[in-house]
Amino acid sequence: MSAFARRAPRCFWRSFSHGLLLLISAFSLDRAAGDTGQGATSSQIDNIKNAFVVNIARFAHWPQQNAAAGNSPLRLCMYRSAEADQQPKALQQMIAGRPVDVTHIDRLNSPEDCSVLVVPGGEIDHFRANFLPLWRHQPILTILDLTTSTQGGKAYSGIMVALVRKGSKIGFEINLDEVHGAGLKMSSELLKLATLVKGDN
Amino acid sequence: MPPSLPYSRLITILAVFYLLPVNSWSNTAVAEAEDFSSMSLKDLLALEVFTSASLLPTQESKAPGTVYSFSSRDFRRFGARRLEDLLQFIPGIQLNQYRKRHQTAWARGLLSRYNDKLLLIVDGVRMQHLYYSHFALGDNLPLENIARVEIILGPASSLYGANAFGGIISVTTRNFSDTPQFEASVEAGNHQRSKATATYNSRTLQLFGSTLSQDAPFDGERRSFIGGAAPQPLDEDYTSLFVKARPLAGLTLALNYSENNTPFLFIPDTQDAFIEERMLTTSASYEAGTIATGRIEARLFYTSDKTHEYEIERQSRALAYSENQHATIAGGTVTGLRQFANHVVALGSSWQYEEAEDMAYRRLFSFRNGFFETPEQGSLLRDANIRNNDYALFVQDVWTLTPSVELTLGARYDDFDQFGQHLNYRSALVYTPTSNQTWKVLYGTAMRTPGFREYLKVLEGTDFSPPTPEPEEIKSLELGYLYQWEDANLSIGLFRNKVTGFIQEMPTPDGIDEYFTNIDGSWYLRGVESVLNLRLAEKLNLRLGASFLDIEGSTSQPTPYLADWTSSINVDYSINTSDSLGLSLIYNNNRHDTNQFRDDQAEAFIIANVFLAGEFNRNFSYAAGIDNVFNTRVFDPAADFGSQHNTERGVREIWLRLVWSYGH
């Protein structure tokens, strides 16, 4: 005889009504959340990556002309980010005593006000075409997000830091040639935690 | 009698939590209780972010499956000391205490007396006692050595082959550390519990050892599976030794040894019964390359399983019964991964070998007839030296159709010596329209081959010749939705499983012994599972899990051992930056009480746990807790043979753990 069988109708309907309550409640929650107008907030994974960006930037040192900016906001530019029009909480921090001003940009032609530039992995071709010819070796900390493309382990022209996958975790790689070429410096504490990459491609 | 929360009140509480105005917490709450911006880089690097459900590192919310993962940080957050403690927080999993020492995880209603409908993988190596096709998830697997536990519900035979039937439990031990690290812990509790662990970790070598002695957390009022007294001793001990080395880049060698001596818990008072287990697993893993340019992952393993069960007649203290379940399991897997434009393809092959070494039994006593003049002896199996091979090929393609749509297609072909050829497949469509919501549709199949005991058991005292059971099969359709707010997330999953040829233990026609056979027809399991994480205040986090299960079968017999509603609540309060206080509640609704015992406790139950964890200073930390605070009594004796299942829960446990670490 089977241990698995049809349940008594009464029990089923009572359970079903509770299941329906769960579903209705969940959808109420979903709907109510939509009403708050928070449609494009950061996901947890984005929060983690943003925390990486801020932490890495904290260990970077810009050349004098940039540091002379005093307490003016440090502009963190996010190129073609999915989070346009948002100020992610993880980025609302101070870097080198300066508040962070997050700017979402769609063009790479004039990033001169950016101290940090975050580039999604899928935009590397645009980055190469539009940023490199004019802005390579400028004091802009360039960070490439490779966590969505399973790549890593190699250097990209113009990219100083790459966020990469390390198994089930996120790690980061630093190309010191690009860092030094732009006149930036990285703390030794940061370099201890990073994987250093070199390359000519 | 401890107070128990009425079912209706619990439902009301759940409903209130769900119907809380979102505005009241949406600006303050968190997903997974982390304020990442305040974490150091070192802590961020240690965060577990991706899942390996598809063989590829994948963001958990986008994984092509229903994935629940727990890091060592979560062990503390949930007050867990054993892997089975974590399973209580998985919607869709019900734990059942068997009359032996282990708890069985019933995933989405897949009943069994042993953990044979799930697959346990430790660092990529399948862990299994061959005779019962079983693994235990208790103190035999010390959490102190585990970095991450990933539970994937739903069929996964398209990647993992036989037994990935109801899902897989993937355990990852600690990674190597860049700097030398030392850690030692001691734990004490009631039930004579004393435990000690020691760890050394470095860039190329890792050593871990643990020893535990205690009485199983049950009391003298427990009942045997036939309802009478169960006065047997409860003392038990567990020992583990784990060595991992990386002699070359990409090459990892591991040795995992465990030794457990545990009692039977709920057997009649004529005998004491015990299990002695010695399991040694060695493995070699090699990984090289990147997915972009081509990656290879290879693994070889060998496991020697020496299990001995025996009974002592209580009056004479003489040996009443003894059996060995010694077996060997070995195998290897090679997987290649490569990205081609929008496709990431995995292609692999695997081989598994299993052999029965010593399955001898000796019966000297029967509770009906007393001691025999001449002991009965023989093999537990009709083929005492059975050897099997399973060869498999598998392929998987993760196709990124658009930046927001990913399609996973996979198939695996197995060729079993005993059970012929089988093809299993899986497809998953994951749609991420915005960064904060994900939709999933999954369809897949799985199969489970009968274990040694199920198709080779020697029947005693009967001439009945049982048929050989065929592999059981499952087809599963799942729908999933995840919404991520700034400070909360909600996941809802619906599933519909069709199980065909379910293997069940049946009495022989003469009623003298029992055998295993496939049931006729199919039965259907449907359910809803949901998890809500939210931050109620800056330091206060809540996790709420709930599941509903409905079963429709081909016969009219009720299913008395499954709860159709289960839920869990976990509250975590940060007292300060280093100390936290937690509370968890585990709820199962009432099940049908089918036996004739009037003093059992078969009603709905809530188990409450409280726990505290923190740091004295940089090198010393602590954790303490009370499991089953109200000593809630759960027991519902059943004959525990065939299709019947005993229901029990442990009694109150009070514990304290101190940890010293250096170099972290």
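Note on naming: letters A, B, ... go to the chains in the order of the sequence lines (proteins, then strands), and numbering restarts at 1 for each one. If you're wondering where the values come from, they're calculated on a predicted model, not measured in any experiment.
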With a 4.5 angstrom heavy-atom cut-off, could you sort out which part of B:Thr172 is near chain A: side chain, backbone, both or neither? neither

If you look at every heavy atom in A:Ile170 and B:Leu45, which pair is closest and at what distance? O-CD2, 3.4 Å

Rounded to the nearest 0.5 Å, what's the gap from CG on B:Leu41 to NZ on A:Lys192? Could you check? 13.5 Å

Could you tell me the separation between the OG atom of B:Ser40 and the CD atom of A:Glu189, rounded to the nearest 0.5 Å? 11.0 Å

